[in-house]
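As the structure is a computational prediction, the values presented were derived from the model and not from experiment. If you read the sequence from its start, that first residue is 1, and numbering goes on from there.
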Amino acid sequence: MQQRDVMYHIGLCREQLEGAEYAILPGDPGRTPKIAAMLERPQPLGQNREYNSFLGRIAEKPVVVCSTGIGGPSAAICVEELYQLGVRNFVRVGTCGGMQLDVQAGDIVIATGAIRMEGTSREYLPVEFPAVADFALCTKLYAAAQKYGYRCHTGVVQCKDSFYGQHSPARMPVSYELQQKWEAWKRGGCLASEMESAALYTVCAALGARAATVLLTVWNQEREAARLDQQETHDTERAIRVAVEGLRLELA
């Protein structure tokens, strides 16, 4: 593709980012103002399609907040275009559904790796290549979670393209594959299911960038099936605080 001063999808140019090398990436465009409000001197940059963006500062260093939308394809586009504008470090803030019984609604999950059960990452690296987070960034996120006293889990998450393939697998023509693999992921200790980290980690590996993910557990369908108590939550403030404080530790 031809070189552009303004990125085609996210609608941003290099001058707007003021040399930012770090980005916080929520999926939901509506979450970006909430994240930006936790930064110093936040200002809106623009909105195009699913990409709603702000610029703020942590420890006097510019940090971009840009939503990615749902799933790997739009997340990969966001990372590719921010990378062209100089960003080299990416922290995803999102939500997940717990898979292990001790991963409860309201818990924090830091994804050290991701199962590549999606399509985007396969157009970057062979499926045998693992999707893993940057160790140093994960360490900072874990330290932030500990500072706030949040229940926190670290480990592998599963990434898929079909939300309803997870939640209604029995009605899918490929139910045999979805259900058998879900059981395999559980037996392997997979903590939770979400939709973007596998693409994020693989794209960043291909680009030579760094990435990590912090997630709020919204619900746990395995706990529901086991008739264990839980209370569904959608308040992402804990995950946001972990991301911002983790970058504060990184940039201090």
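With contacts defined as side-chain heavy-atom distances shorter than 4.5 Å, the pair T202/R122 does not qualify. Residues E50 and T68 are not in side-chain contact: their nearest non-hydrogen atoms beyond the backbone lie 4.5 Å or more apart. Within the 4.5 Å cutoff, side-chain heavy atoms of M38 are placed close to those of E237. Between T32 and P26 the shortest side-chain heavy-atom distance falls below 4.5 Å. Counting only heavy atoms from C-beta outward, the side chains of Q47 and S53 never approach each other to under 4.5 Å. In this structure, the side chains of V63 and L251 come closer than 4.5 Å at one or more pairs of heavy atoms. A 4.5 Å side-chain heavy-atom check between Q43 and R57 finds every atom pair outside the cut-off. Looking only at side-chain heavy atoms (C-beta outward), E194 and R92 come within less than 4.5 Å of each other.
Contact detail for L178 and M117: the closest heavy-atom pair is CD2-CE, 3.8 Å. Contact detail for G19 and P62: the closest heavy-atom pair is C-CG, 4.1 Å. Scanning both residues, V93 and A243, for their nearest heavy atoms gives CG2-CB, 3.3 Å. Minimum heavy-atom separation, R238 to G106: NH1-O, 3.3 Å. Contact record, D28 with G30: OD1-N, 2.8 Å, taken as the closest heavy-atom pair. Considering all non-hydrogen atoms of both residues, A209 and F90 come closest at CB-CE1, 4.0 Å.
One distance of note links CG of L85 with CG of L17; it measures 5.5 Å at 0.5 Å rounding. Summarising the geometry, atom CZ belonging to R241 is positioned 11.0 Å from atom OG1 belonging to T236; distances are rounded to the nearest 0.5 Å. Distance check, rounded to the nearest 0.5 Å: CE of M172 to OG of S162 gives 5.0 Å. Taken to the nearest 0.5 Å, the OH atom of Y51 stands 13.0 Å off from the CE atom of M7. Here the CG-CD distance, from L141 to E250, works out to 9.0 Å after rounding to the nearest 0.5 Å. The CD atom of Q100 sits 8.0 Å away from the NZ atom of K186 when rounded to the nearest 0.5 Å.
Under a hydrophobic-cluster definition in which Ile, Leu, Val, Met, Phe, Trp and Tyr are linked whenever side-chain heavy atoms come within less than 4.5 Å, directly or via other members, I10 and L25 are assigned to the same cluster. Follow the hydrophobic side-chain contacts under 4.5 Å out from V156 and you reach M99 in the same cluster. No chain of hydrophobic side-chain contacts below 4.5 Å, direct or via other Ile, Leu, Val, Met, Phe, Trp or Tyr residues, connects L200 to I24. Side-chain heavy atoms closer than 4.5 Å link hydrophobic residues (I, L, V, M, F, W, Y) into clusters, and following such links, possibly through other members, connects I240 to V214. Residues Y142 and V244 fall within the same hydrophobic cluster, defined by Ile, Leu, Val, Met, Phe, Trp and Tyr side chains chained together at heavy-atom separations under 4.5 Å.
Within a 6.0 Å radius of CG in D229, no more than 12 heavy atoms belonging to other residues, nucleotides or ligands are found. Atom CG of L125 has more than 12 neighbouring heavy atoms from other residues, nucleotides or ligands inside a 6.0 Å radius. Residue Q231 qualifies as open at atom CD: its count of foreign heavy atoms under 6.0 Å is 12 or below. Shown here is E123, whose CD atom has no more than 12 heavy atoms of other residues, nucleotides or ligands within 6.0 Å.
In this structure, the side chain of T217 engages the main chain of D107 through a donor-acceptor pair within 3.5 Å. Within the 3.5 Å criterion, the main-chain N or O of G56 finds no donor-acceptor partner in the side chain of E40. In this structure, the side chain of T139 engages the main chain of F135 through a donor-acceptor pair within 3.5 Å. A donor-acceptor pair under 3.5 Å is formed between the side chain of N220 and the backbone N or O of V103. A donor-acceptor pair under 3.5 Å links the side-chain atoms of E81 to the main chain of H9, judged by distance alone. Put simply, the side chain of R116 gets close to the backbone of S121: a donor and an acceptor are under 3.5 Å apart.
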Practice item. Walk me through it: do Q166 and Q158 pass the test side chain to side chain donor-acceptor pair (under 3.5 Å)? Key: CA-CA 10 Å; Q166 173 192 339; Q158 178 251 18; over 6 Å; no
**Study point:** Check against side chain to side chain contact (heavy atoms under 4.5 Å, CB included), E118 and E196
**Key:** CA-CA 9 Å; E118 39 70 60; E196 288 82 26; over 6 Å; no
**Study point:** Pair T213-Y201, side chain to side chain contact (heavy atoms under 4.5 Å, CB included): steps then yes or no
**Key:** CA-CA 9 Å; T213 292; Y201 293 173; 3.2 Å; yes
Check your understanding: Is there a side chain to side chain contact (heavy atoms under 4.5 Å, CB included) between L55 and Q16 once you walk through the steps?
Key -> CA-CA 8 Å; L55 184 71; Q16 289 176 284; over 6 Å; no
Exercise for review: Please test K140 against D134 for salt bridge (Lys or Arg N to Asp or Glu O under 4.0 Å), starting from the C-alpha separation and ending with a verdict.
Suggested key: CA-CA 10 Å; K140 300 298 194 306; D134 180 79; over 6 Å; no
Exercise for review: List the steps, then state whether side chain to side chain contact (heavy atoms under 4.5 Å, CB included) holds for S193 with W182.
Suggested key: CA-CA 10 Å; S193 180; W182 182 266; 4.0 Å; yes
**Study point:** Check against salt bridge (Lys or Arg N to Asp or Glu O under 4.0 Å), R210 and E21
**Key:** CA-CA 10 Å; R210 304 164 71 213; E21 296 183 0; over 6 Å; no
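Judged by the 6.0 Å and 45° rule, R88 forms a cation-pi pair with Y83.
With a 4.5 Å cut-off between side-chain heavy atoms of Ile, Leu, Val, Met, Phe, Trp and Tyr, the cluster of L101 takes in L228.
Partners of F163 by ring-ring contact (aromatic ring centres under 6.0 Å, His included), not counting sequence neighbours, listed by chain and number: H167.
Each of I110, T112, V109 was compared with V157 under the side chain to side chain contact (heavy atoms under 4.5 Å, CB included) criterion, and only V109 meets it.
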